[in-house]
Enquirer: 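Once you've had a glance at the structure underneath, I'll fire off some questions.
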Amino acid sequence: MKKIVFTGGGTAGHIIPNLAIIEELKGYDIYYFGSSGMEKEILLEYPNVKFIEIETVKFIRSLTLKNLLIPYKLYKCIKSTKEKLKEINPSIIFSKGGYVSIPTCIAGSQLKIPILTHESDLSIGLANKIIAKKSKALLCTFEETAKNYKKNAIYTGSPIKQNITQGKKEIILSRHKINNSKPIVLIIGGSLGSKHINSIIQNNLKVLTNKYNILHIVGKKNFNENIKEKDYYQIDFAHDIENYFSASDIIISRAGSNAIFEIVANQKPNILIPLPKKNSRGDQIDNAKNFQNKGISEVIFQEDLTLDLLLTIIDKTLQNKETNINNMKKLNISKNNQTFINLIHKYSL
């Protein structure tokens, strides 16, 4: 049987799309090269996948002397990862980009292993700019990205898990004992959470819960056991996000591409609060504006986020939900991951 190595991690946006493909891929022994981050925990739920922890190096965006050590550390990571790849001898590597993927893809390239890498966002991240040059193809969620990059880019859309639209609202209502008719607002600050969004929400719970039930996914290590507000339901990480999507009337989310596509696949009215430029390369801002221009999402920039503005935009979004949902239907997001599987078969040794 052929062998395949998937790589990507650090956040759910680099893990969940890989899992969407893994769940449908047949005929391969599957390995996953990742860091000690959340991918290690999530992969425990996939006994058919052999998880291999590798060393990784993350570039720090601020000016710091620590970045001077990156070439040396990366060399060590690539060397150790190369030995692991030699032992496995995979037919292909599938990368989700991000810093976790770099050692595996550079090592794989040196060993002449075919590589496919996927870019979720409208703009191409630094890691994928490096990896794409060593890949058979750069697979793109957005058609605009593929057209702008040209070279070896292929427009594929986003890998989406088959069950993402099969959630059951009653599971969440029962789990959290929600038994009133107020609209349910689901808040997602990304898989690691957002301290800024969490602060705005948790500092204004009495006002928010007066009008809404609040389902708040706060992120790993951000759970606050001291908060006991009625109609406020705090979760650190949702392993069954499809059920939370089903239960919600409106979703407030960061603007990572994977999260947006899952929200749109569920046809849920939504408000995007992109990660600001100072904390990123601006990819979430680009994603948010793209979906705002399509009439699918409302957008609040983090620097503008106040309770009054949030309440205003929630009301506006609920009032315009039919228009937004119709625009989502026009986008016609496919949950068919066969395109990715066909490319894996095509380029496997």
Enquirer: Can you tell me how far CG of L25 sits from CD of Q338, rounded to the nearest 0.5 angstrom?
Expert: 9.5 Å
Enquirer: Evaluate F340 against H118 for ring pair (Phe, Tyr, Trp, His ring centres under 6.0 Å), listing each step before the verdict.
Expert: CA-CA 10 Å; F340 298 97; H118 182 264; 5.6 Å; yes
Enquirer: Say you draw a straight line from CD1 of I115 to CD1 of I93; how long is it, rounded to the nearest 0.5 Å?
Expert: 5.0 Å
Enquirer: Assess whether ring pair (Phe, Tyr, Trp, His ring centres under 6.0 Å) is satisfied between F291 and F261, documenting all intermediate values.
Expert: CA-CA 10 Å; F291 282 89; F261 274 86; 5.5 Å; yes
Enquirer: Quick check for you: to the nearest 0.5 Å, what is the distance between I235 atom CD1 and I217 atom CD1?
Expert: 5.5 Å
Enquirer: Looking only at atom types and distance, does a side-chain atom of N327 sit under 3.5 Å from a main-chain N or O of G295, one as donor and one as acceptor?
Expert: yes
Enquirer: Answer yes or no: is there a donor N or O on one side and an acceptor on the other, between the side chain of S174 and the main chain of I171, under 3.5 Å?
Expert: no
Enquirer: With side chains defined as the heavy atoms from C-beta onward, is the minimum distance between I296 and N324 less than 4.5 Å?
Expert: no
Enquirer: Nearest 0.5 Å, please: how far is CG in L215 from CD1 in I252?
Expert: 11.5 Å
Enquirer: Looking at H176 and Y233, what are the two nearest heavy atoms and their distance?
Expert: O-CE2, 3.1 Å
Enquirer: Kindly check if the number of other-residue, nucleotide or ligand heavy atoms within 6.0 Å of NZ (K294) is above 12?
Expert: yes
Enquirer: Which heavy atom of G97 sits nearest a heavy atom of S101, and at what distance?
Expert: O-OG, 2.9 Å
Enquirer: So do the side chains of R254 and L272 get within less than 4.5 Å of each other, counting heavy atoms only?
Expert: no
Enquirer: Enter the distance from Y99:OH to I130:CD1 here, rounded to the nearest 0.5 Å.
Expert: 14.5 Å
Enquirer: Does N210 use its side chain to pair, donor to acceptor, with the backbone of K206 at less than 3.5 Å?
Expert: no
Enquirer: Would K50 pass as a cation-pi partner of Y31, given that its NZ or CZ must be under 6.0 Å from the six-membered ring centre and within 45 degrees of the axis?
Expert: yes
Enquirer: Provide the closest heavy-atom pair for P276 versus E303 in the form atom of the first, atom of the second, distance.
Expert: CB-OE1, 4.4 Å
Enquirer: Indicate yes or no: at least one non-hydrogen side-chain atom of I164 is less than 4.5 angstrom from one of I241.
Expert: yes
Enquirer: More than 12 foreign heavy atoms under 6.0 Å from CZ of F301: is that the case here?
Expert: yes
Enquirer: Could you check if a side-chain atom of L122 sits within less than 4.5 angstrom of a side-chain atom of E144, using non-hydrogen atoms only?
Expert: yes
Enquirer: Does a side-chain heavy-atom distance below 4.5 Å link L318 with I314?
Expert: yes
Enquirer: Out of K168, R175, K161, which one pairs with D240 under the salt bridge (charged side-chain N to carboxylate O under 4.0 Å, His left out) rule?
Expert: R175
Enquirer: Search all heavy atoms of I54 against all heavy atoms of V100 and return the closest pair with its distance.
Expert: CD1-O, 3.8 Å
Enquirer: Can you name the one residue among I21, I15, L19 that meets side chain to side chain contact (heavy atoms under 4.5 Å, CB included) with F6?
Expert: I21
Enquirer: How long is the span from the CD1 atom in I52 to the CG atom in L85, to the nearest 0.5 Å?
Expert: 8.0 Å
Enquirer: Can Q202 and Y232 be counted as having a side-chain donor-acceptor contact under 3.5 angstrom?
Expert: yes
Enquirer: I'd like to know if the side chain of T81 and the backbone of P103 have a donor-acceptor N/O pair within less than 3.5 Å.
Expert: no
Enquirer: Quick one: side chain to side chain contact (heavy atoms under 4.5 Å, CB included) partners of K147, sequence neighbours excluded?
Expert: E143
Enquirer: May I ask you to decide if E87's main-chain N or O and N89's side chain share a donor-acceptor pair within less than 3.5 Å?
Expert: no
Enquirer: Salt bridge (Lys or Arg N to Asp or Glu O under 4.0 Å) for D315 and K211? Distances and angles first, verdict last.
Expert: CA-CA 10 Å; D315 287 343; K211 297 182 68 174; 3.1 Å; yes
Enquirer: How close do A12 and N258 get, heavy atom to heavy atom, and via which atoms?
Expert: O-ND2, 4.4 Å
Enquirer: With sequence neighbours left out, which residue pairs that include part of residues 262-283 fulfil the ring-ring contact (aromatic ring centres under 6.0 Å, His included) condition?
Expert: none
Enquirer: Does any part of the side chain of N224, heavy atoms only, come nearer than 4.5 Å to the side chain of N198, both counted from C-beta?
Expert: no
Enquirer: Can you list every salt bridge (Lys or Arg N to Asp or Glu O under 4.0 Å) pair that touches residues 104-126, not counting sequence neighbours?
Expert: E119-R281, D121-R281
Enquirer: For K84, does the NZ atom have more than 12 heavy-atom neighbours from other residues, nucleotides or ligands under 6.0 Å away?
Expert: yes
Enquirer: Using a 6.0 Å cut-off, check whether atom NZ of K3 has over 12 heavy atoms from anything other than its own residue.
Expert: yes
Enquirer: Tell me if a side-chain donor or acceptor on T312 pairs with a main-chain N or O of D308 at a distance below 3.5 Å.
Expert: yes
Enquirer: Flag the pair I184 / L173 as yes when at least one side-chain heavy-atom distance between them is below 4.5 Å, and no otherwise.
Expert: yes
Enquirer: Should we say atom NZ of K2 is surrounded by more than 12 heavy atoms from elsewhere, each under 6.0 Å from it?
Expert: yes
Enquirer: With side chains defined as the heavy atoms from C-beta onward, is the minimum distance between E242 and T165 less than 4.5 Å?
Expert: no
Enquirer: Specify the closest pair of heavy atoms between F94 and N18, including all atoms of both residues, with the distance to one decimal.
Expert: CD2-OD1, 3.4 Å
